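Keep in mind that the numbers below use all heavy atoms, side chains included, and drop hydrogens, waters and symmetry copies. Convention: sequence-line order gives letters A, B, ...; per-chain numbering from 1. As the structure is a prediction and not an experimental result, all values here were calculated from the model.
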Amino acid sequence: MDEREVREQKLQELRANGTEPYPPRLSTPRTHTIAEALAAFDALAPDKTPITLVGRIVLWRDKKVIFANIEDGSGRIQLYLRPDDLGEQFDLVKKLDRGDFIEVTGFLFVTKMGERTLHVTHVGILSKSLRGLPEKHAGLQDTELRYRKRYLDLVANREEELPLFVARARTISALRRYLDDHGYLEVETPILQPIFGGATAKPFVTHHNALDRDFFLRIAPELYLKRLLVGGIERVYEVARNFRNEGIDRSHNPEFTMLEFYEAYADYNVMMTRVEEMTVAAAQAVLGKLSFTWGEHEIDLSPPWRRVTLHDAITEYTGIDYDQYPDRESLMAIMRERGIKFDARRAWGRLIDELKDEMFRSADPALLQPLILYDYPLDLSPLAKKKPGAPGTVERFQVHLAGMQLATAFSELNDPQDQRARFEDQLVQREGGDDEAQVLDDDYVEALEVGMPPAGGIGIGIDRLVMAFTGHDHIREVILFPTLRTMD
RNA sequence: GCGCUUGUAGCUCAGUGGUAGAGCAUGCGACUUUUAAUCGCAGGGUCGCGGGUUCGAGCCCCGCCGGGCGCACCA
């Protein structure tokens, strides 16, 4: 008989003895969480005050008397169960296994070995576990199992996993708090979109049966949020799950969370300050300080962050001044000369992007610190406003942190004629074979024709921010259920 | 998508072409203050799946499926 069959038999025996293994509620109210009980130990132990705790059995040491450990959401405590004290109830105790949820009433004391322990006088089962928990010391190591069965990972590797996902939740709530406190309105916009836009990416396609038409899962909420600027909502944000039909690697999951927000009458300079302030607020809330370790390095979030133009940064770190190579051919020539690999089909602006990647490949630790790179080539940024007096340049910046691209932002393009021209230029690129070029959204242009105030906007990669805060270098570590291939 | 690598008991892992192993977990027994409890005994395997080579395959070869790493793509 294997473990599961043994447990099922115990379950049947419990029922046969009139004990419901999945009762609807506790038989007596829980008086403390485990953490509360331990905190109040000195007050509770001397008088043997009866308390009731609940939790899952995580260790079981049967030594004629039984020592067990249970865990609830707050912590872990040892139980002491004696046949003499429990009488008939010991029949139930013998049906318990590691993994079961139980309620226990008793009093606190300190064992000979110095451990604070609950001396159990009553025990009841709350939920019978039919499958054993993962190995008790090595835990659950197999990465595939950890992601496919995250509940086992959370049980077996609780000390690492629970704080991690708490940090993720606190990061998002701190960012929300910042925006709420600064007059922003949180909204929800369509995930099913008839036209995708707001980013350079390939979409997922799905189908609506009743309407008999295809929809795209959004690659970004951007165009809808800016329609709300047109509608007169001056400050607006969305915590948006986005979907991009592209490869999976340490910084990319097909679905990911992006915080986008837009502010009327602001520009990209304002957004630089916003992202700084809110990241600092989140770090304070999550880490309690403005620094964290990343591999061998210490990263300091104290503002102001270094701000440098993309042009100057690339010149500094790669030695290539791209103003000297204003066309594809000459730029490709110098890149080839320096041994920088690139895709020869790329437009000039995309080659600049390759140079930027090359810059981050240089592994200069200075580039791990928060860095704002601003002023981008026009042809990479069809939704950003042109920078006055700087032809071919738009008011756009990206935030880099811990070597990752964390955010991208710009002074939003609100000139409907320019926007239409940019979309049409994207269409040319699309017809030229670039299946990631953006598509023309007529309804969006129409909205701009109604009139959108000048505005700054930004998208912040939440998963990556959490990676930085928690020191993880793989995005799937900070997503509870990362995308995996399905098993046949 | 491409390359490399990996898949053995519920979990963590050994395994040299010749009878499939260990620890934990499970079952039985001993032990009435243990600490990853300990001790004894026992059960537990489609060696990812399918084909091939061989007298003989967990091991060698081919294909498929899943995972990991790298590249490509991207945020």
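Residue-level contact check: Leu59(A) touches the backbone only, with heavy atoms under 4.0 Å from sugar-phosphate atoms and none from bases. Leu152(A) comes within 4.0 angstrom of nothing in the nucleic acid, heavy atoms only. Arg464(A) comes within 4.0 angstrom of a base, heavy atoms only. Among the atoms of the strands shown, only primed sugar atoms or phosphate atoms (P, OP1, OP2) are found under 4.0 Å from some heavy atom of Arg476(A). Using a 4.0 Å heavy-atom criterion, one finds that Thr111(A) contacts the bases of the nucleic acid, with or without backbone contacts as well. Residue Gln78(A) is in base contact, counting any heavy-atom pair closer than 4.0 Å across all strands shown. If you check every strand for non-hydrogen atoms under 4.0 Å, Asp62(A) touches a base. Nucleic acid contact class of Gln405(A) (heavy atoms, under 4.0 Å, all strands): sugar-phosphate only. Among the protein residues, Asp249(A) comes within range of the nucleic acid bases, having at least one heavy atom under 4.0 Å from a base atom. Within 4.0 Å of Arg76(A), counting heavy atoms only, lies no atom of the nucleic acid at all. Within the nucleic acid shown, Lys136(A) comes within 4.0 Å of sugar-phosphate atoms alone, with no base atom in reach, counting heavy atoms only. Residue Lys10(A) is classed as a sugar-phosphate contact, given heavy-atom separations below 4.0 Å to backbone atoms only. Residue contacts shown for Thr408(A) are absent, as no nucleic acid heavy atom lies under 4.0 Å away.
Salt bridge absent: Arg244(A) and Glu255(A) never bring a charged side-chain N and a carboxylate O closer than 4.0 Å. Ion pairing between a basic and an acidic side chain is recognised when a charged N comes within 4.0 Å of a carboxylate O; Glu161(A) and Arg150(A) show such pairing. At a threshold of 4.0 Å, the pair Glu238(A)-Arg218(A) counts as salt-bridged, since one of the basic side-chain nitrogens sits closer than that to a carboxylate oxygen. We find that Arg158(A) and Asp153(A) are not joined by a salt bridge, their nearest charged nitrogen and carboxylate oxygen being 4.0 Å or further apart. Under a 4.0 Å N-O distance rule, the pair Glu8(A)/Arg4(A) qualifies as a salt bridge. A salt bridge links Lys10(A) with Asp97(A): the closest approach of a Lys/Arg side-chain nitrogen to an acidic carboxylate oxygen falls below 4.0 angstrom. Lys226(A) and Glu412(A) are joined by a salt bridge, as a carboxylate oxygen and a charged side-chain nitrogen come within less than 4.0 angstrom of each other. Between Arg82(A) and Asp84(A) there is a salt bridge, since at least one side-chain N of the basic residue sits less than 4.0 Å from a carboxylate O of the acidic one.
At a threshold of 4.5 Å between non-hydrogen side-chain atoms, the residues Lys356(A) and Tyr376(A) count as touching.
Using cut-offs of 30° and 60° for the angle between ring planes, the His119(A) and Tyr80(A) rings count as perpendicular.
Contacts classified as salt bridge (charged side-chain N to carboxylate O under 4.0 Å, His left out) and involving residues 52-67 of chain A (residues at least two apart or in different chains) are not found.
Spacing between C59(B) and U19(B) at atom C1', rounded to whole Å, works out to 16 Å. Rounded to the nearest Å, the gap between the P atom of U38(B) and that of U34(B) is 13 Å. Remark: the separation of the C1' atoms in A42(B) and U54(B) is 37 Å, to the nearest Å. A14(B) and G52(B): their P atoms are spaced 31 Å apart (whole Å). If you take atom P in A72(B) and the same atom in G63(B), they sit 25 Å apart, rounded to whole Å. G7(B) sits 12 Å from U16(B) when the P atoms are compared, rounded to a whole Å.
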(request) Indicate for each nucleotide in nucleotides 9-14 of chain B, in 5' to 3' sequence, whether protein heavy atoms under 4.0 Å reach the base (B), only the sugar-phosphate (S), or nothing (-). (result) --BSS-
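Taking atom CZ of Arg241(A) as the reference point, atom P of A75(B) lies 19 Å away to the nearest angstrom. When the P atom of C73(B) is taken as reference, atom NZ of Lys356(A) falls 13 Å away, rounded to whole Å. The separation between Phe109(A) atom CZ and U35(B) atom P is 14 Å, rounded to whole Å. Counting to the nearest Å, the P atom of A72(B) and the CG atom of Asp353(A) are 13 Å from each other. Distance Arg116(A) CZ to U34(B) P: 18 Å, rounded to the nearest Å. Put simply, CD1 on Ile248(A) is 15 Å from C1' on C71(B), counting in whole angstrom units. Here the C1' atom of nucleotide G27(B) and the NZ atom of Lys95(A) are 13 Å apart, to the nearest Å. C73(B) atom C1' lies 6 Å from atom NZ of Lys202(A), rounded to whole Å.
Between Arg98(A) and A25(B) there is no side-chain polar atom (N or O) within less than 4.0 angstrom of OP1 or OP2. Of the side-chain N and O atoms in Lys64(A), one or more sit less than 4.0 angstrom from OP1 or OP2 of C31(B). Put simply, Arg61(A) has no side-chain N or O that comes within less than 4.0 Å of OP1 or OP2 on U34(B). Within the 4.0 Å cut-off from OP1 or OP2 of C73(B), not a single side-chain nitrogen or oxygen of Arg244(A) is found.
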(request) Could you provide the dot-bracket string of RNA chain B, using ( ) for intrastrand pairs, [ ] for crossing pairs and | for bases paired to another strand, with Watson-Crick or G-U pairs below 3.5 Å? (result) (((((((..((((....[..)))).(((((.......))))).....(((((..]....))))))))))))....
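Under the stacking definition used here (centres under 5.5 Å, planes under 30°), the residue Phe256(A) qualifies as stacked on the base of A75(B).
Among G68(B), A75(B), U33(B), the nucleotide with an atom closest to any side-chain atom of Thr143(A) is G68(B). Nearest to the side chain of Arg485(A), among G66(B), U35(B), C73(B), sits G66(B).
Aromatic ring centres of Phe261(A) and Tyr184(A): separated by under 6.0 Å.
Residues His474(A) and Met258(A) both approach RNA chain B. Their nearest nucleotides, taken by heavy-atom distance, put His474(A) toward the 5′ side. Residue whose closest nucleotide on RNA chain B sits further toward the 5' end, between Asp97(A) and Asn253(A): Asp97(A).
Phe196(A) pairs with exactly one of Phe215(A), Phe204(A), Phe216(A) by the ring pair (Phe, Tyr, Trp, His ring centres under 6.0 Å) rule, that one being Phe216(A).
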